[in-house]
Amino acid sequence: MRPDLRSFDDAYAALIARAVPLGATEEVATIEAAGRVLAHDQRSTLDVPPMDNTQMDGYAVRSADLAGGATRLRVAQRIAAEQVGAALAPGTAARIFTGAAIPPGADAVVMQEQAEVDGEHVLIAVRPSEGEWIRRRGEDIAAGSVILAAGTKLDAQCTGLAASVGVARLSVRRRVRVACFFTGDELVMPGEPLPAGAIYNSNRFILTALLRALGCVVTDLGIVPDSLRATREALREAARGNDLIVTSGGVSVGDEDHVKPAVQAEGEIDLWQIAMKPGKPLAYGRVRRAPGRDAAAHRPAGDRSEPGADAFAHFIGLPGNPVSSFVTFVLLARPFILRLQGAAALEAPAFPVRADFDWPRPDRRREFLRARVNARSGLDLYPNQGSAVLTSTVWADGLIDNPAGKAIARGDAVRFLPFRGLMS
């Protein structure tokens, strides 16, 4: 590793240290809260289940009545899920259905498959233990307990859990507002003619989709010409009412790479060379916001919350190659955004998986190799790991996190980061 290259872990820690969670919160309907970050601990106001109830269709009984072996009991009542039964008299049984409240006096349930109906009576040959097939009040959730912790990124299961205890609205962090633009005179949009030397702008589609998948409010400023003046104007526009600016391309040191001097002129910037492949160039900085009502005038429609008290918008400049841009976003920009959202969990889950390939010539940098799980529960490697080979990101299921200089032999366990954990 050259001395000027920054380790991935060091760059990650430095970037996350600059992300202060946004303080503003709002209340939203629970049914609309998926994808948001919970602002405060959510406690249950009730027990779940709210009463002792049966797990099975069958017969509620007094276990003491069945102590002597096969017993014939009169079926004294029928209790459906929405009903409350009368106290169970000794020597009787209650026909009961899944979810129905256990009647007073009963202490066990016999499955209907273990009972034989005889007119108004039921013959039971088994001896149930006390509490058998009964769900006790509060055994899932006790009233007053925390069901969802602050910082939880809410998913369908979380909103369902909140709804199960009657929570109609949840307090969540406001959405992170992100502006993005893309530099390069060679970039054109799909549907336009493709002149010689030009390329279609895939990064615009990838990054705006990734930002929206994270729940961000996205302002897409499109393609910015390769000039210092145009780049500065784009930065000023992007800083108005936004928390973060994300760009792709122009963060190197070439004559036509204007992002670094533009951000320096509008704020401050660090240009990092990271010991990772694909990736390496990454810029972090801050861009001054216009004061007063100017920021409020450019706030996204429907968003009445105030921008952060900080007079700057964060800036992250990603490399221009599409795979490099994608990988650095999911590994570095994503956790930065999650931190701004106030999320407790920033790192995506990783799993040891068997490599079904050989990788005999590793790079000196830490590698993130595109791979996918095969039918044998091992990993296959995409044959071309180039930083411009966007096909590999569609073919793959995730990334192998391979330490610098580490060869991989078929059968080795490698650290695998599935894409599903890197996209939200």
Side-chain angles (χ1 to χ4, degrees), residues 1-8 10-19 178-187 199 201-204 206-208 210-211 219-240 242-290 310-329 331-337 340 365 387-388:
M1 185 191 303
R2 297 198 307 270
D4 58 333
L5 292 186
R6 192 168 195 166
S7 75
F8 176 87
D10 180 50
Y12 178 94
L15 192 62
I16 297 304
R18 288 162 168 79
V178 184
C180 55
F181 63 84
F182 307 87
T183 62
D185 288 341
E186 76 281 8
L187 299 176
I199 58 172
N201 185 5
S202 59
N203 283 345
R204 186 176 185 181
I206 294 169
L207 296 178
T208 55
L210 288 169
L211 288 166
T219 300
D220 178 6
L221 299 178
I223 301 169
V224 173
D226 272 332
S227 77
L228 181 59
R229 178 179 178 179
T231 307
R232 290 187 65 178
E233 289 176 354
L235 287 169
R236 288 193 291 268
E237 175 71 15
R240 295 186 180 112
N242 290 295
D243 307 296
L244 171 65
I245 303 164
V246 176
T247 67
S248 175
V251 294
S252 295
V253 292
D255 292 340
E256 298 301 319
D257 293 328
H258 300 291
V259 171
K260 181 180 179 181
V263 178
Q264 285 176 324
E266 299 295 329
E268 57 192 42
I269 190 171
D270 286 329
L271 183 60
W272 299 341
Q273 296 291 308
I274 304 175
M276 63 181 292
K277 185 180 180 181
K280 194 167 76 168
L282 181 79
Y284 170 79
R286 300 193 305 164
V287 177
R288 284 185 296 272
R289 290 194 182 106
D310 192 353
F312 292 84
H314 296 285
F315 170 83
I316 294 178
L318 302 172
N321 276 329
V323 178
S324 298
S325 181
F326 170 77
V327 170
T328 51
F329 182 94
L331 295 178
L332 293 167
R334 171 188 169 273
F336 182 91
I337 292 169
L340 291 181
R365 292 175 282 166
S387 62

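Sequence positions, counted from 1, serve as the residue numbers for this chain.
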Worksheet entry | Asn321 side chain vs Ser324 backbone, donor-acceptor pair below 3.5 Å | no
Discussion item. Any non-hydrogen side-chain atom of Val323 less than 4.5 Å from a side-chain atom of Pro278?
Written reply: yes
Worksheet entry | His314 and Tyr284 aromatic ring geometry - parallel, tilted or perpendicular at 30°/60° bounds | tilted
Worksheet item: Which heavy atom of Thr328 sits nearest a heavy atom of Ser325, and at what distance?
Response: OG1-O, 3.2 Å
Worksheet, complete the sentence: Nearest heavy-atom contact between Val287 and Ala239 is CG1-CB, 3.9 Å
Worksheet entry | Nearest-0.5 Å distance, CG of residue Leu318 to CD1 of residue Ile206 | 11.0 Å
Worksheet item: How far apart are the C-alpha atoms of Asp270 and Arg18, what are their side-chain angles, what is the distance that settles it, and do they pass the salt bridge (Lys or Arg N to Asp or Glu O under 4.0 Å) test?
Response: CA-CA 12 Å; Asp270 286 329; Arg18 288 162 168 79; 3.7 Å; yes
Worksheet item: Do the side chains of Phe329 and Ile316 get nearer than 4.5 Å, heavy atoms only?
Response: no
Worksheet, complete the sentence: One should read off an interatomic distance between Leu211 CG and Arg334 CZ, to the nearest 0.5 angstrom, of 12.5 Å
Practice prompt. Kindly give the heavy-atom pair with the smallest separation between Met276 and Leu332, and that separation in Å.
Written response: SD-CD1, 4.1 Å
Practice prompt. State which residues pass side-chain contact (heavy atoms from CB on, under 4.5 Å) with Gln264; sequence neighbours excluded, sorted by chain then number.
Written response: Lys260, Pro261, Ile269
Worksheet item: How long is the span from the CZ atom in Arg289 to the CG atom in Asp243, to the nearest 0.5 Å?
Response: 6.0 Å
Worksheet entry | Any Leu5 side-chain heavy atom under 4.5 Å of Lys280 side chain | yes
Item to complete: Can you see which heavy atom on Ala11 is nearest to which on Trp272, and at what distance?
Response: O-CZ3, 3.7 Å
Worksheet item: Under 4.5 Å between any side-chain heavy atoms of Val178 and Thr219, yes or no?
Response: no
Worksheet item: Would a 4.5 Å heavy-atom cut-off, applied to side chains only, mark Tyr12 and Leu331 as touching?
Response: no
Worksheet item: So, does Thr183 use its side chain to make a donor-acceptor pair with the main chain of Gly249 at under 3.5 Å?
Response: yes
Practice prompt. Without swapping roles, check the side chain of Asn242 against the backbone of Arg240 for a donor-acceptor pair under 3.5 Å.
Written response: yes
Discussion item. Quick check: closest heavy atoms across Gly267 and Phe312, and the distance to 0.1 Å?
Written reply: CA-CE2, 4.4 Å
Worksheet item: In Å, rounded to the nearest 0.5 Å, how long is the span from OG1 of Thr231 to CG of Asp226?
Response: 7.0 Å
Worksheet, complete the sentence: CZ of Phe181 to CG of Leu235, rounded to nearest 0.5 Å, is 4.0 Å
Response to the item:
One should read off an interatomic distance between Ile223 CD1 and Leu221 CG, to the nearest 0.5 angstrom, of 12.0 Å
Worksheet entry | Contact summary for Pro281 and Pro319, nearest pair of heavy atoms | O-CD, 3.3 Å
